[in-house]
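Please read the structure below before turning to the comments.
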Amino acid sequence: EVQLVESGGGLVQAGGSLRLSCAASGFTFDDYAIAWFRQAPGKEREGASCISNYDGSTYYADSVKGRFTISSDNAKNTVYLQMNSLKPEDTAVYYCTADRVRDCSGYPTNWGQGIQVTVSS
């Protein structure tokens with residue numbers, strides 16, 4: 001069974017940084033694309049970033065490009081999202097997701113429980 005466990009969230013002041021971690025288990029890590037989605041209250045889910053463990057390709061939403069960096073440690077079956085220069089509008093529940101695809105297209109079917117990120121102004 002696919003299992004995704006997020007960690008590293010919390011409260012940070014605007015301009016600060018956080019690093020989210022997603023520990024994955026229950027599947028062949030290299031066959032999946034791992035994406036971070038986020039959802040703020042009253043808003044639709046947004047794909048923030050994604051990495052393909054097949055070829056290493058990445059995706060960033062325009063809203064986070066240049067501030068967030070996604071990386072994958074295949075030895076640890078863990079994906080990280082380094083978030084710098086955080087803004088209040090980054091406040092959301094962040095979800096680690098996984099999809100058995102070779103790129104970052106489509107909508108993932110496997111979701112973690114989510115973790116809160118709050119950026120104060």
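Worth knowing before you read on, the calculation uses all heavy atoms, side chains too, and leaves out hydrogens, waters and symmetry mates.
Applying the side chain to side chain donor-acceptor pair (under 3.5 Å) rule to Asp31 yields no partners; only residues at least two apart in sequence or on another chain are considered. With sequence neighbours excluded, no residue forms a salt bridge (Lys or Arg N to Asp or Glu O under 4.0 Å) with Arg19. Judged as a side-chain contact (heavy atoms from CB on, under 4.5 Å), and not counting sequence neighbours, the contacts of Asn53 are Phe29, Ile34, Ile51, Ser72, Asn74. By the side-chain contact (heavy atoms from CB on, under 4.5 Å) test, Gln116 pairs with Thr91, Val93, Thr118, sequence neighbours left out. With sequence neighbours excluded, the residues forming a salt bridge (Lys or Arg N to Asp or Glu O under 4.0 Å) with Asp90 are Arg38, Arg67, listed by chain and number. Under the rule for a side-chain contact (heavy atoms from CB on, under 4.5 Å), the partners of Val2 that lie at least two apart in sequence or sit in another chain are Leu4, Phe27, Tyr32, Asn110. Residues satisfying the side chain to side chain donor-acceptor pair (under 3.5 Å) criterion with Thr58, sequence neighbours excluded, are absent altogether. Partners of Lys65 according to the salt bridge (Lys or Arg N to Asp or Glu O under 4.0 Å) rule, which considers only residues two or more places apart in sequence or in another chain, are Asp62. With sequence neighbours left out, the side chain to side chain donor-acceptor pair (under 3.5 Å) criterion links Ser71 to no other residue.
Among residues at least two apart or in separate chains, there is no ring pair (Phe, Tyr, Trp, His ring centres under 6.0 Å) pair with a member in residues 44-93. Listed by first then second residue, pairs satisfying ring pair (Phe, Tyr, Trp, His ring centres under 6.0 Å) with a partner in residues 100-121 read Phe37-Tyr107, Phe37-Trp111, Tyr95-Trp111, Tyr107-Trp111, not counting sequence neighbours.
Between the OH atom of Tyr94 and the SG atom of Cys22 there is a distance of 14.5 Å, given to the nearest 0.5 Å. Here SG of Cys96 is found 5.0 Å from CH2 of Trp36. Values are rounded to the nearest 0.5 Å. To the nearest 0.5 Å, atom OG of residue Ser49 and atom CD of residue Gln82 are 12.0 Å apart.
Across every non-hydrogen atom of Ser105 and Asp103, the tightest pair is OG-OD1, 2.6 Å. Looking at every heavy atom in both residues, Ala92 comes nearest to Ala40 through CB-N, 3.9 Å. Between Pro108 and Ala98 the shortest heavy-atom distance is CB-O, 3.9 Å.
A 6.0 Å sphere centred on CZ of Arg102 holds no more than 12 heavy atoms belonging to other residues, nucleotides or ligands.
With Ser52 contributing its side chain and Cys104 its backbone, the two residues share no donor-acceptor pair below 3.5 Å.
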Residues Leu20, Glu6; criterion side-chain contact (heavy atoms from CB on, under 4.5 Å); working and verdict
CA-CA 7 Å; Leu20 303 182; Glu6 303 99 333; over 6 Å; no
What donor-acceptor contacts under 3.5 angstrom involve side-chain atoms of residues 7-17, with partners at least two apart or in another chain?
unit_1: Ser17; atom_1: OG; unit_2: Asn84; atom_2: OD1; d: 2.8

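Between the side chains of Ser63 and Glu46, at least one donor-acceptor pair of N or O atoms lies under 3.5 Å.
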